[in-house]
Participant: 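Here it is, the structure in full.
Below, all heavy atoms of this structure are taken into account, side chains as well, without hydrogens, waters or symmetry copies.
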There are 2 protein chains.
Amino acid sequence: MQCQPRRNEEHQKEMRAVQDSMDVLNGKWKISIISSICYYNKRRFSDILNDVVGISNKMLSKELKELEINQLIKRTVLDTQPITVQYELTEHGLTLKTIINNLTEWGIAHHKKIFEQ
Amino acid sequence: MQCQPRRNEEHQKEMRAVQDSMDVLNGKWKISIISSICYYNKRRFSDILNDVVGISNKMLSKELKELEINQLIKRTVLDTQPITVQYELTEHGLTLKTIINNLTEWGIAHHKKIFEQ
DNA sequence: CGGGATCCCCATTGATACTG
DNA sequence: CAGTATCAATGGGGATCCCG
């Protein structure tokens, strides 16, 4: 006796997984920040601030913190004078590269689709 | 004479492309909605409303509209009584499947990474 | 230099009710 | 059923200043 067809568990699981990913990558800036660090391998706070057009230091600080909590980036304080801080991707963070590449390709294709059709 | 190393144009382009993708997929709900429609092939408004846990009808309506504008989904009104509306992915929308799959896999891996380490 | 603290605005979203 | 309308709240995010 089941009026409603059983919810497909597999699909539910997938949706949660996708959501997990999106939660980690949420906000306007995360992907751009990762992309910047990834491209230059190691990158300082103020450099990223320049790379990511439009972001404020407050936001950058916040986003970097979240990325660090999620173990996507590693923060290193160099005791220069004045202090400099370097960010780099962790191994785990590097596994995002495939997704970023896909998003890049899709973004280009989408742009064409919308404006050239 | 160039004090600062020339900004890599290629990287800038990539970042814009990724951003374009993320703009299309922004918000908490877009991916879940797409995932729902994709999984069932065709899906009605109220069905999606049930699939996507937590979304309000106002939000769903808005998100669907945006997805339609970006030509990712197709909206069809069936003249039943009362009216039903079906949503399905366009061909263009279907090209997101790779990304969704990647995000799914990565989400699972990330979850493991964070909670099992 | 790399942030933290504060102030403040307005866009996003939720809740609820209503309509064709 | 598939939305729309309206009101209200919240918090994202900018601007600015400050500090070790």
Participant: Using OP1 and OP2 only, check whether a side-chain N or O of Arg75(A) sits under 4.0 Å from dG3(C).
Facilitator: yes
Participant: Reckon Ser61(A) has a side-chain N or O less than 4.0 Å from the OP1 or OP2 of dG4(C)?
Facilitator: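 For dG4(C), OP1 or OP2 has a side-chain N or O of Ser61(A) closer than 4.0 Å.
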Participant: Using whole Å, report how far CE of Met59(B) lies from P of dT4(D).
Facilitator: 13 Å
Participant: Return the value, rounded to whole Å, for the distance between atom NZ of Lys58(A) and atom C1' of dG12(D).
Facilitator: 8 Å
Participant: Locate the shortest heavy-atom distance separating His111(B) from Asp20(A); write the atom from each residue and the value.
Facilitator: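 That would be CD2-OD2, 3.4 Å.
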Participant: With nearest nucleotides of DNA chain D determined for Glu63(A) and Ile83(A) from heavy-atom distances, which residue corresponds to the more 5′ nucleotide?
Facilitator: Glu63(A)
Participant: What verdict does the side chain to side chain donor-acceptor pair (under 3.5 Å) test give for Glu14(A) and Ser35(B), after you've listed the backbone C-alpha separation in whole Å, the side-chain angles of each residue and the deciding distance to 0.1 Å?
Facilitator: CA-CA 9 Å; Glu14(A) 280 179 30; Ser35(B) 177; 5.3 Å; no
Participant: With DNA chain D as reference, determine whether Leu64(B) or Pro82(A) sits nearer its 5' end, using the nearest nucleotide of each.
Facilitator: Leu64(B)
Participant: Return the nearest nucleotide to the side chain of Lys65(B); candidates are dA2(D), dT4(D), dG14(C).
Facilitator: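 Nearest nucleotide to the side chain: dT4(D).
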Participant: Return whichever of Arg44(A) or Gly27(B) has its heavy-atom-nearest nucleotide of DNA chain C closer to the 5' end.
Facilitator: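 Final value for this comparison: Arg44(A).
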Participant: Taking only N and O in the side chain of Ser46(A), is any of them less than 4.0 Å away from OP1 or OP2 of dC1(C)?
Facilitator: no
Participant: With a 4.0 Å cut-off, would you call Glu88(B) and Arg75(B) a salt bridge?
Facilitator: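 Not counted as a salt bridge, because no side-chain N and carboxylate O are separated by less than 4.0 Å.
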Participant: Find the distance Asp79(B):CG to dA2(D):C1' and express it as a whole number of Å.
Facilitator: 15 Å
Participant: Can you tell me the distance, in whole Å, between the CG atom of Leu49(B) and the P atom of dG3(D)?
Facilitator: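 Taking atom P of dG3(D) as the reference, CG of Leu49(B) is at 11 Å.
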Participant: Nearest whole angstrom, please: distance from the C1' of dT6(D) to the CG of Asn57(B).
Facilitator: 13 Å
Participant: dG3(D) P sits how many Å from Ile48(B) CD1, rounded?
Facilitator: 9 Å
Participant: Could you tell me which non-hydrogen atom of Lys28(A) sits nearest to which non-hydrogen atom of Gln19(B), and how far apart they are?
Facilitator: O-NE2, 3.2 Å
Participant: For dG14(D), does either OP1 or OP2 sit under 4.0 Å from a side-chain N or O belonging to Ser56(A)?
Facilitator: yes
Participant: Rounded to whole angstrom units, what separation is found between the CG atom of Leu78(B) and the C1' atom of dC1(D)?
Facilitator: 11 Å
Participant: Aromatic rings Trp106(A) and His92(B): how do their planes relate, parallel, tilted or perpendicular, breaks at 30° and 60°?
Facilitator: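 If you compare the ring of Trp106(A) with that of His92(B), the planes turn out parallel.
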Participant: So what does Lys62(B) hit on the nucleic acid, given a heavy-atom distance under 4.0 Å: a base, only sugar-phosphate, or nothing?
Facilitator: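 The answer is sugar-phosphate, as Lys62(B) gets under 4.0 Å only of primed atoms, P, OP1 or OP2.
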Participant: So does Tyr87(A) get a side-chain nitrogen or oxygen closer than 4.0 Å to the phosphate oxygens (OP1/OP2) of dG3(C)?
Facilitator: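 For Tyr87(A), the contact criterion (side-chain N or O under 4.0 Å from OP1 or OP2 of dG3(C)) is met.
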Participant: Separation of Asn26(B) atom CG from dG13(D) atom P, in whole Å?
Facilitator: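 So the CG-P distance, Asn26(B) to dG13(D), works out to 11 Å.
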